[in-house]
Engineer: 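Input: one structure, supplied below.
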Amino acid sequence: MELSKTFDAAAAAGKWTSLWKERRYFNSTPDSRTPFTVVIPPPNVTGVLHMGHTLNETVQDILVRRARMQGLNACWVPGSDHASIATESKVVAMLKEKGIDKNTLSRAEFLEYAFQWKEKYGGIIYQQIEKLGCSVDWDRVSFTMDDHYYEAVIKVFVDLYNKGLIYRGARMINWDPAAQTALSDEEVEYKDVQGNLYYVRYQAVDNPEDYITVATSRPETIMGDVAICVHPDDPRYQHLKGKKVIVPLVNRQVPVIFDTYIDRSFGTGALKVTPAHDINDYNIGIKHHLEVIDTLNPDGTLSEAAQIFVGLDRFVARKKVVQQLQQNGLLIKEESYETRLGYSQRSGAVVEPRISTQWFVKMEQLAEPALKAVTQGAIKIHPGNRFMATYRHWLENVKDWCISRQLWWGQQIPAWYGPDGSLQVAATKEAALELFKANYPDIQPGDIRRDEDVLDTWFSSWLWPMEVFKGITEPENPEFKYYYPTSVLVTGQDIIFFWVARMIMAGLEYEQEIPFKDVYFTGMVRDKLGRKMSKSLGNSPDLIGLIDQYGADAVRFGIMISSPAGNDLLFDESSLEQGRFFNNKLWNALKLIKMWEQTEATEVDHSSTDFAGNWFQARLEQAKAEIQQLLEQFRLSEALKTLYSLIWDDFCSWYLEWVKPAYGQAIEQKTLQNTIAYFEQLLQLLHPYMPFITEEIYSLLGERSEALCVSTLAPATDFDSELLAQGELLKNVITQIRDARGKNNLKPKETIKLFIETTSSGKYEPLTAILQKQVNAEELKFTSEAITGCVVITLQQDKYYLELNQQIDVEAQKADLKSQLEYQHKFLNSVRVKLGNERFVQNAKPEVVELERKKEADALARIQTLEESLAVLG
RNA sequence: GGGAGUUUAGCUCAGUUGGUUUAGAGCAUCUGCCUUACAAGCAGAGGGUCGGGGGUUCGAGCCCCUCAACUCCCA
């Protein structure tokens with residue numbers, strides 16, 4: 001069979017994706033094996049996978065594939081979430097383009113459009129997951145708005161309400177005027193912005209000459225002012241006790257109140273109090289029993305209550321108010337001012353603090369066990385405890401969770417209102433009606449109406465690890481009992497509160513069991529300049545484009561090799577290129593071995609191949625143990641680096657060269673078989689990282705009944721460290737001699753004669769054949785005395801004489817040896833200073849002192865060897 | 001304003017309880033090679049005193065204090 005010159009990534013990907021699927025390798029059912037369960041963090045149906053997802057899914061696939069090869073029953077559940085705000089706003093925009101106004105549709109009609117939209121665009125992410133090579137169980141695709149899932153969310157709402165953990169109340173909440181919905185605290189992102197501070201004059205009622213100046217960043221809220229607040233000890237305002245001032249533009253008379261809350265150094269030390277539009281003002285308002293005047297509409301325009309500029313957007317109104325104040329001579333000055341503004345994570349609009357009646361989850365009781373689960377070690381966070389402090393801080397200071405959203409796309413809140421506004425919570429209208437009948441025996445279905453709002457998406461996704469196995473709707477089902485708790489959760493550190501902490505709460509509340517044993521947080525993917533990836537910067541590459549260009553294996557390699565555990569990843573396409581080069585390397589190793597298979601087998605001298613094989617065997621076992629340990633610590637990037645170097649350097653550059661027969665000669669059968677076996681093990685180890693090329697090469701290396709992805713990975717065994725040391729010696733000698741050849745401008749084809757002066761020729765015996773071949777020596781002999789006229793190299797106490805067919809540069813040789821000698825003298829000196837220090841000899845551990853003594857002896861021996869070599873050169 | 005983290009070669013990072021020689025890797029750089037697996041390659045080489053300062057210790061990249069810069073989280 002003729003192998004193509006290069007690896008065809010696209011062809012291999014297509015072939016293996018369908019073969020894996022056909023053979024149902026990734027479909028899991030409960031059996032007697034230990035389960036290894038992973039639930040995908042469900043991507044948002046509206047989007048496409050970005051580089052952050054790519055990193056995330058790759059990490060999960062590596063863990064899942066490896067677990068599968070270790071004989072565990074691996075189950076990876078794919079899915080997506082309905083992302084209520086983001087999806088609804090996209091659907092609304094889509095309808096608008098069609099000329100349809102959402103408000104003219106019934107709820108049911110709207111949901112039909114939304115589901116159509118989800119079917120059309122939701123599939124894209126699944127295609128991407130597949131193209132990336134993810135070994136998910138496609139029979140288990142879950143969606144947070146599936147029927148059973150919807151039912152689960154309702155069930156949990158009703159249950160928490162009945163337990164007193166959900167309540168409805170009027171609070172100051174974060175309002176998104178663009179999406180026109182409430183947001184939870186976690187959905188608000190704060191950014192520093194340059195704003196203006198306006199100094200506005202409020203005249204005293206009883207004395208037109210007297211006034212108080214207030215600094216405000218939001219002049220458009222003046223119309224909602226109900227008081228001016230100053231510090232009780234502020235000498236500037238003592239005369240205003242019990243007085244009233246006039247609110248500009250609307251001429252309302254409001255009291256001057258006194259409260260120690262005021263920071264006297266800020267602005268003028270006087271605060272205008274607008275309880276409807278600022279959380280702090282709201283609290284002051286409650287304390288001082290002030291009226292609340294809400295001057296804004298839900299869409300961020302000024303309401304009737306504002307009296308002026310009604311209907312204008314808040315930012316437009318701000319300009320108008322400032323203009324008007326200026327005209328009235330009430331604006332003293334304007335100064336620029338650094339402030340922080342809250343932005344909606346979903347719509348990007350500036351969040352408006354607003355008093356609103358919403359549904360909340362009481363968090364305190366749920367938070368406590370969730371904190372314990374992590375602090376007491378039931379759940380381990382990786383890497384290290386980097387996120388422990390953050391997690392703890394949030395849970396110890398947790399605030400109630402606003403879960404209602406003024407949207408249609410989501411689970412509708414199962415609350416029903418009677419004719420008098422009384423409230424009942426029940427899963428169905430029938431059940432609610434029954435509850436109402438206790439007080440209203442004659443009540444009819446038409447008398448009650450359901451709450452219009454839906455629940456926060458996170459109120460559904462916090463049930464994800466349970467409900468994908470129907471753990472809420474059918475808690476006793478055997479699948480749930482088998483797969484839950486899941487093994488590892490891999491996610492971004494940015495959703496530690498939104499999602500991770502809440503899943504832990506839900507798991508402990510409903511199953512009295514943690515949802516996962518390990519949490520692995522990946523960093524954020526940035527561009528190579530360290531900037532966040534964003535659409536506006538245009539620095540976010542298209543995943544499918546990258547896969548088409550480099551192949552999925554190279555993309556996975558590139559993203560993993562540059563992804564230190566938990567750290568942000570600076571994404572650079574050159575790492576993908578490195579991945580492609582690695583593909584090429586693997587492919588060529590295959591080609592070489594295939595070539596050997598085709599040459600006629602003969603009896604050949606195997607003195608060199610025996611050592612090479614034994615050495616590589618030991619090296620392989622050593623690396624396997626290292627990789628095993630690194631993966632247990634979730635150090636996936638380092639494990640890949642180890643593997644990369646094992647394959648490229650140890651296997652290709654050293655081992656294959658050592659066993660490579662001379663041109664035209666055949667390889668010994670046993671060596672060939674061993675080589676294939678080593679290669680297979682390497683492919684197995686690499687498979688979780690680069691699934692396609694490893695499958696392809698594995699299938700070409702021999703006849704297979706099963707694919708590589710379900711082959712069993714043998715655990716690491718003991719290895720002979722003596723062999724490894726000999727291998728190191730051999731590599732060192734080869735490198736040094738090659739270096740000397742280079743320095744003397746020898747062409748690769750020019751041969752040398754090599755003489756080794758050593759007191760332990762035994763250790764060289766198994767190495768000589770390889771050594772001779774690798775440094776192109778026509779002759780290799782041991783000698784007991786110095787040989788003149790040669791290039792001299794020393795390694796430890798051994799000397800190597802290289803006889804060349806040309807004049808050697810004696811001065812350069814001498815200079816080289818002298819610099820080494822100088823190095824040794826300096827080193828010896830530093831060791832002797834240490835050993836000369838009595839306190840060191842007394843205090844340091846005996847083995848440390850012993851080690852220093854050995855260093856001293858080694859250095860002395862090296863110095864002697866070097867001096868002798870110098871003497872030979874004359 | 002509060003908290004967490006980071007700072008080691010040009011770049012990205014390792015460096016486990018302080019002592020295995022004068023700190024490692026990959027990429028990049030430089031030199032020499034078109035050697036029939038691979039120029040998407042091969043063979044070599046150079047490069048850092050571990051952010052600054054102080055301290056503890058026989059001994060500090062690692063522990064303590066302090067300053068600085070950057071990142072993130074929270075208010």
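Just so it is clear, the model here is predicted, and its values are computed rather than measured. Chain letters run A, B, ... following the sequence lines, proteins first and then strands; every chain starts at 1.
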Engineer: Can A:Lys747 and A:Glu750 be said to form a salt bridge (charged side-chain N to carboxylate O under 4.0 Å, His left out), step by step?
Structural biologist: CA-CA 5 Å; A:Lys747 296 267 177 289; A:Glu750 292 180 81; 5.6 Å; no

Engineer: Inspect the surroundings of CD in A:Glu396 and state if more than 12 heavy atoms from other residues, nucleotides or ligands are less than 6.0 Å away.
Structural biologist: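 Yes - once you tally the heavy atoms of other residues, nucleotides and ligands closer than 6.0 Å, there are more than 12.
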
Engineer: Distance between the P atoms of B:rA45 and B:rU66, in whole angstroms?
Structural biologist: 45 Å

Engineer: Are there over 12 heavy-atom neighbours, none belonging to A:Glu722, within less than 6.0 Å of that residue's CD?
Structural biologist: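 12 or below, so no.
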
Engineer: In this structure, how many angstroms lie between the P atom of B:rG41 and the CZ atom of A:Phe582, rounded?
Structural biologist: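 Computing the A:Phe582:CZ to B:rG41:P distance gives 12 Å.
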
Engineer: Touch check for A:Lys854, heavy atoms < 4.0 angstrom, all strands: base, sugar-phosphate only, or nothing?
Structural biologist: nothing

Engineer: Between A:Asp278 and A:Arg354, does any side-chain N to carboxylate O distance fall below 4.0 Å?
Structural biologist: no

Engineer: Find the distance A:Tyr261:OH to B:rG1:C1' and express it as a whole number of Å.
Structural biologist: 13 Å

Engineer: Ignoring backbone atoms, test whether A:Thr735 places a side-chain nitrogen or oxygen under 4.0 Å from the OP1 or OP2 oxygen of B:rG44.
Structural biologist: yes

Engineer: Does B:rC38 have OP1 or OP2 sitting under 4.0 Å from an N or O in the side chain of A:Lys5?
Structural biologist: no

Engineer: So for A:Gln774 and B:rA43, does any side-chain atom that can act as donor or acceptor lie under 3.5 Å from a complementary atom in the base?
Structural biologist: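 When only heavy-atom distances are counted, A:Gln774 does not reach the base of B:rA43 through any donor-acceptor pair under 3.5 Å.
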
Engineer: Are OP1 or OP2 of B:rG44 and a side-chain N or O of A:Arg738 less than 4.0 angstrom apart?
Structural biologist: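 It does, given that an N or O in the side chain of A:Arg738 lies less than 4.0 Å from OP1 or OP2 of B:rG44.
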
Engineer: Report yes if at least one side-chain N or O of A:Lys585 is closer than 4.0 Å to OP1 or OP2 of B:rC42; otherwise report no.
Structural biologist: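 Checking A:Lys585 against B:rC42: at least one side-chain N or O falls below 4.0 Å of OP1 or OP2.
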
Engineer: Specify the separation, in whole Å, of atom CD of A:Gln842 and atom P of B:rU57.
Structural biologist: 16 Å

Engineer: If you draw a 6.0 Å radius around CD in A:Glu573, do more than 12 non-hydrogen atoms from other residues or ligands fall strictly inside?
Structural biologist: yes

Engineer: Just compare B:rU35, B:rG41, B:rC38 and give me whichever is closest to any side-chain atom of A:Glu657.
Structural biologist: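 For the A:Glu657 side chain, the nearest candidate turns out to be B:rC38.
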
Engineer: Can you confirm whether the side chains of A:Thr794 and A:Arg862 place a donor and an acceptor under 3.5 Å from each other?
Structural biologist: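 Indeed, the side chains of A:Thr794 and A:Arg862 share at least one donor-acceptor pair under 3.5 Å.
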
Engineer: Would you call the rings of A:Phe498 and A:Trp458 parallel, tilted or perpendicular, taking 30° and 60° as the class edges?
Structural biologist: parallel

Engineer: Categorize A:Gln736 for me: base, sugar-phosphate, or nothing, with a 4.0 angstrom heavy-atom threshold over every strand shown.
Structural biologist: nothing

Engineer: Given B:rU22, B:rA40, B:rC42, identify the nucleotide with an atom nearest to the side chain of A:Asn584.
Structural biologist: B:rA40

Engineer: By nearest atom, which of the nucleotides B:rU22, B:rA40, B:rC58 is closest to the A:Phe840 side chain?
Structural biologist: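 Among the listed nucleotides, the one closest to the side chain of A:Phe840 is B:rC58.
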
Engineer: Looking for any heavy atom pair under 4.0 Å, which part of the strands does A:Ser574 touch: base, sugar-phosphate only, or nothing?
Structural biologist: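 Result for A:Ser574 = nothing.
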
Engineer: Give the nucleotide from the list B:rC27, B:rA43, B:rU22 with an atom nearest to the side chain of A:Gln578.
Structural biologist: B:rC27

Engineer: So, OP1 or OP2 of B:rC58: does either fall under 4.0 Å of a side-chain N or O from A:Asn843?
Structural biologist: yes

Engineer: For B:rC62 and B:rU56, measure between their C1' atoms and round to the nearest Å.
Structural biologist: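 Result for the C1' pair: 14 Å, nearest Å.
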
Engineer: Nearest to the side chain of A:Ser830, which nucleotide is it out of B:rC33, B:rU20, B:rU22?
Structural biologist: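 So the side chain of A:Ser830 is nearest to B:rU22.
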
Engineer: Measure from OH on A:Tyr655 to P on B:rA37 and round the result to the nearest Å.
Structural biologist: 16 Å

Engineer: If only atom types and distance count, is the side chain of A:Lys585 paired as donor or acceptor with the main-chain N or O of A:Trp648 below 3.5 Å?
Structural biologist: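 A pair under 3.5 Å: no.
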
Engineer: With a non-hydrogen cut-off below 4.0 angstrom, is A:Lys660 in contact with a base, only sugar-phosphate, or nothing?
Structural biologist: base

Engineer: Closest-nucleotide mapping onto RNA chain B: is A:Leu570 or A:Cys652 further toward the 5' terminus? I mean the 5' end.
Structural biologist: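 It is A:Leu570, whose closest nucleotide lies nearer the 5' terminus.
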
Engineer: Can A:Glu187 and A:Ser184 be counted as having a side-chain donor-acceptor contact under 3.5 angstrom?
Structural biologist: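 A pair is found: one side chain offers a donor N or O, the other an acceptor, under 3.5 Å apart.
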
Engineer: Base contacts versus sugar-phosphate-only contacts with protein, heavy atoms under 4.0 Å: please encode nucleotides 70-75 of chain B as B, S and - from 5' to 3'.
Structural biologist: -SSSSB

Engineer: Please determine if A:Arg853 and A:Glu856 form a salt bridge, counting it only when a charged side-chain N lies under 4.0 Å from a carboxylate O.
Structural biologist: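 The answer is no: the pair does not qualify as a salt bridge.
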
Engineer: How many Å lie between CG on A:Asn280 and C1' on B:rG1, as a whole number?
Structural biologist: 14 Å

Engineer: Under the ring-ring contact (aromatic ring centres under 6.0 Å, His included) test against A:Phe557, which residue among A:Phe581, A:Tyr689, A:Tyr644 passes?
Structural biologist: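 Of all the options given, the one that passes is A:Tyr644.
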
Engineer: How far does the C1' atom of B:rG54 sit from the matching atom of B:rG1, given to the nearest Å?
Structural biologist: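 These two C1' atoms come out 29 Å apart once rounded.
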
Engineer: Within the pair A:Lys641 and B:rC13, is there a side-chain N or O less than 4.0 Å away from OP1 or OP2?
Structural biologist: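 Looking at the OP1 and OP2 atoms of B:rC13, neither is under 4.0 Å from any side-chain N or O of A:Lys641.
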
Engineer: Distance check needed: B:rC42 C1' versus A:Lys773 NZ, whole Å only.
Structural biologist: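 It is 16 Å, rounded to the nearest whole Å.
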
Engineer: If you only use heavy atoms from C-beta on, which nucleotide in B:rC58, B:rG26, B:rA40 is closest to the side chain of A:Tyr644?
Structural biologist: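 The nucleotide sitting nearest to the side chain is B:rG26.
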
Engineer: How close or far is atom C1' of B:rC38 from atom CG of A:Leu3, stated in whole angstroms?
Structural biologist: 13 Å

Engineer: From the options B:rC58, B:rU35, B:rU20, select the nucleotide whose nearest atom is closest to the side chain of A:Lys749.
Structural biologist: B:rU35

Engineer: Expected output check: what is the dot-bracket annotation of RNA chain B, where ( ) and [ ] are pairs inside the strand (brackets for crossing ones), | is paired with another strand, and pairs are Watson-Crick or G-U under 3.5 Å?
Structural biologist: (((((((..((((.....[....)))).(((((.......))))).....(((((..]....)))))))))))).

Engineer: When rounded to the nearest Å, what value does the distance between P atoms of B:rA60 and B:rG53 take?
Structural biologist: 15 Å

Engineer: Do A:Phe571 and A:Leu576 come within less than 4.5 Å of each other through their side chains, counting heavy atoms only?
Structural biologist: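 Result yes, sub-4.5 Å side-chain heavy-atom pair found.
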
Engineer: Quick one: on RNA chain B, does A:Glu852 or A:Ser562 contact a more 5' nucleotide (nearest heavy atom)?
Structural biologist: A:Ser562

Engineer: Using the P atom as the point on both nucleotides, what is the distance between B:rG48 and B:rU8, in whole Å?
Structural biologist: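 Each nucleotide's P atom is 15 Å from the other's.
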
Engineer: Just wondering, are more than 12 heavy atoms of other shown residues or ligands nearer than 6.0 Å to CD in A:Glu822?
Structural biologist: no

Engineer: Heavy atoms from C-beta onward define the side chain here; which of B:rU35, B:rG15, B:rG44 lies closest to that of A:Pro748?
Structural biologist: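 Ranking B:rU35, B:rG15, B:rG44 by closest atom to the A:Pro748 side chain puts B:rU35 first.
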
Engineer: To the nearest angstrom, how far is A:Arg853 atom CZ from B:rU21 atom P?
Structural biologist: 19 Å

Engineer: Which listed nucleotide (B:rU20, B:rA45, B:rC58) is nearest to the side chain of A:Lys855?
Structural biologist: B:rU20

